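Quick caveat, the model's predicted, so the values are computed rather than measured.
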Amino acid sequence: MKKIIALLLAVLMVFALVACASNTTTSSTPAASSSAAASSSAAASSSAASSSAAASSSAAASASTSVDTSNFKVGAVLVGDENEGYTYAHIVGLQNALSNLGLTEDNIIWKYSIGETEACYDACVDCAESGCSIIITNSYGHQSYCQQAAEEYPDIQFVAMTGDTAKASGLANFHNAFTKIYEARYVGGIVAGMKLQELIDSGKATDKNMDADGNYKIGYVGAYPYAEVVSGYTAFFLGIRSIVKNVSMEVQYTNSWFDITAEGEAANALIADGCIIIGQHADSTGAPAACEAALKAGTPVYSVGYNVDMLSVAPTAALTSPTNEWGVFYTYAIGAVLNGQTFDTNWAEGFTKDAVAITPLGASCAEGTQDAVDKAIEAIKADTLHVFDTSTFTVGGKPVTNAFATDTNGDFTPDADEAIIDGYYHESYFQSAPSFSLRIDGITELN
């Protein structure tokens, strides 16, 4: 019925345009993604997590000069709003993309606080019926609803951010995208490791901050035990361990992406257990605020946040936050659609494309931290530092020689595509979404 109504409206519009003798141009035909055959090839697999910088900059450069943007619309279906760090980062990224492409707020339809329910499908449909050429959802739980809408509107491009089913769907108009945030989490771990070493050297890290095996205890507030979170906390841990070898980490899950109370309580429990650094993959300021309160009360503990700079709530405890620079992808994808070009079915980029970063270092960071950060980022860009180098961790006391990356049957257990190549796990290589789900030695999930 929707398609019939749309067809009738299109016919009426044609008659109206003829009657008025209008010669106004309209936005370009939406881009279609690469063919299913191409995405299943070995070459497509190796490039599934990359974009062409030249194409992206070309799209941005030409958008405001050769395309009439008056009727072009972007739909943004967001799980939160500006008060939630993760969604706020997406909002900023979309606003940056609009600016880069010569677009304005008139070119975007915002849908805030859309749950991971049928409401997401309804929001996508509303954007489609409102004339959007590209519709973006920003939560993993939105994916199935976004894909459902993509099936019904084949002439509109849909992007399920952080998702993982686009490649398998076979839909030419359905895409996934993620950043290589694990790179920034590793660098955030270096920041934490430098601070931990300073605390050890100054005698502020004591026996109460050590486990029974003599390892200094790190805490981590995670949302869910998904690969996205596991990949992130493992990268953070390995970053710390590149500086301080004798560390262990405890992970406390909140079972929510955003719950300021639960995140604060989880952080407090970890602090009470002796953890001296608290990292997070959760979207509120709860954990950094808890660290700041504890530090002011005399307990040495420091925070590495996520998504946004946490110095406003933890001016002394906050060290830095790994961040996603979503504007890089949004400029690329929206620019492609605007100019009638194709864009990747799967996209993931990191430091090499400035798609990830860490926020400015806090005043409490150890001396020499900026140099250590700069060297690590340079090595990642040069492809000489690999976050998941298998020589740096074990599982069950044994080296890891093989691990799959792709879940083909929906049970959240990778069962295809060997990811350990040349001595390291190739994260975001076969798909944009993180797939690293190994539980390495030294990390304990508490719940």
- Query: Do Cys127 and Ile156 have side chains that get closer than 4.5 Å, going by heavy atoms?
  - Reply: no
- Would you say the side chains of Thr406 and Asp417 form a donor-acceptor pair under 3.5 Å? yes
- Note, Cys146 side chain near Ile135 side chain (heavy atom, < 4.5 Å): no
- Check whether any side-chain N or O of Thr384 sits under 3.5 Å from a backbone N or O of Ala379 as a donor-acceptor pair, and report yes or no. yes
- Item | Flag for Tyr330-His90: side-chain donor and acceptor within less than 3.5 Å | yes
- Taking the inter-plane angle between the rings of Phe343 and His175 on a 0 to 90° scale, is it parallel (under 30°), tilted (30 to 60°) or perpendicular (over 60°)? parallel
- For residues Phe388 and Phe436, establish whether the separation of their ring centroids is below 6.0 Å. yes
- Message: Can you see whether Thr254 engages Asp259 through a side-chain donor-acceptor pair at a distance of less than 3.5 angstrom?
- Response: no
- Query: Are the charged groups of Glu427 and Lys180 less than 4.0 angstrom apart, N to O?
  - Reply: no
- Message: Pair Leu238, Ile440 - check side chain to side chain contact (heavy atoms under 4.5 Å, CB included), show working.
- Response: CA-CA 10 Å; Leu238 292 174; Ile440 73 169; 4.0 Å; yes
- Message: Quick check against the 3.5 Å criterion: does Asn107 have a side-chain atom that pairs as donor or acceptor with the backbone of Thr104?
- Response: yes
- Query: What is the minimum heavy-atom distance between Ala376 and Ile190, and which atoms define it?
  - Reply: CB-CD1, 3.4 Å
- Task: Just do the side chain to side chain contact (heavy atoms under 4.5 Å, CB included) check on Tyr220 and Phe236 with the steps written out, would you?
- Result: CA-CA 9 Å; Tyr220 200 91; Phe236 178 67; 3.7 Å; yes
- Task: Count the heavy atoms belonging to other residues, nucleotides or ligands that lie under 6.0 Å from OH of Tyr88, then report whether that count exceeds 12.
- Result: no
- Query: With no hydrogens and no angle check, do the side chains of Asn307 and Thr323 hold a donor and an acceptor under 3.5 Å apart?
  - Reply: no
- Begin from the C-alpha positions of Gln147 and Thr165 and carry the test side-chain hydrogen bond (donor to acceptor under 3.5 Å, both in side chains) through to its verdict. CA-CA 9 Å; Gln147 182 172 335; Thr165 63; 2.9 Å; yes
- Item | Full working for side chain to side chain contact (heavy atoms under 4.5 Å, CB included) between Tyr145 and Cys124 | CA-CA 8 Å; Tyr145 305 104; Cys124 288; 5.9 Å; no
- Query: Going through the checks in order, is the side chain to side chain contact (heavy atoms under 4.5 Å, CB included) test met by Trp257 and Tyr224?
  - Reply: CA-CA 8 Å; Trp257 292 116; Tyr224 295 97; 3.6 Å; yes
- Once the angle between the rings of Tyr140 and Phe412 is folded into 0 to 90°, is it parallel (under 30°), tilted (30 to 60°) or perpendicular (over 60°)? tilted
- Is Thr369 reaching over with its side chain to a backbone N or O of Cys365, donor-acceptor style, under 3.5 angstrom? no
- Item | Distance-minimising heavy-atom pair for Ala318 and Leu311 | O-CD2, 3.6 Å
Tell me which donor-acceptor pairs under 3.5 Å the side chains of residues 396-403 have, and how far apart each pair is, sequence neighbours excluded?
none

- Item | side-chain hydrogen bond (donor to acceptor under 3.5 Å, both in side chains) assessment of Asn176 paired with Asp164 | CA-CA 6 Å; Asn176 290 145; Asp164 56 8; over 6 Å; no
- CA sep, side-chain torsions, deciding dist, call: Glu263, Ser284, side-chain hydrogen bond (donor to acceptor under 3.5 Å, both in side chains): CA-CA 7 Å; Glu263 291 164 37; Ser284 87; 2.6 Å; yes
- Do the side chains of Ile271 and Cys291 get nearer than 4.5 Å, heavy atoms only? yes
- Message: Looking at Ala317, is its backbone amide N or carbonyl O close enough to the side chain of Glu292 to form a donor-acceptor pair, meaning the two atoms are under 3.5 Å apart?
- Response: yes
- Task: Could you verify whether a donor N or O on one side chain and an acceptor N or O on the other, from Thr87 and Asp81, lie under 3.5 Å apart?
- Result: no
- Item | Non-hydrogen side-chain atoms of Val74 and Phe72 separated by less than 4.5 Å | yes
- Would you please classify the geometry between the His386 ring and the Tyr424 ring as parallel, tilted or perpendicular, with 30° and 60° separating the classes? parallel
- What are the two closest heavy atoms between Glu445 and Pro225, and how far apart are they? OE2-CB, 4.2 Å
- Message: Do Ser435 and Tyr425 pair up side chain to side chain, a donor and an acceptor below 3.5 Å, judged on atom types alone?
- Response: yes
- Find out whether Leu78 and Ile114 are in side-chain contact, i.e. whether some heavy atom of one side chain is under 4.5 Å from a heavy atom of the other. no
- Item | Thr392 side-chain N/O to Asp389 backbone N/O, donor-acceptor pair under 3.5 Å | yes
- Presence of salt bridge, Glu198 and Lys195, under 4.0 angstrom: yes
- Item | Residue pair Asp309, Thr359: steps toward the side-chain hydrogen bond (donor to acceptor under 3.5 Å, both in side chains) verdict | CA-CA 6 Å; Asp309 192 323; Thr359 58; 4.6 Å; no
- Quick note, ring pair (Phe, Tyr, Trp, His ring centres under 6.0 Å) partners involving residues 299-325, not counting sequence neighbours, are His281-Tyr306
- Message: Parallel, tilted or perpendicular: which one describes the rings of Phe158 and Tyr153, with boundaries at 30° and 60°?
- Response: tilted
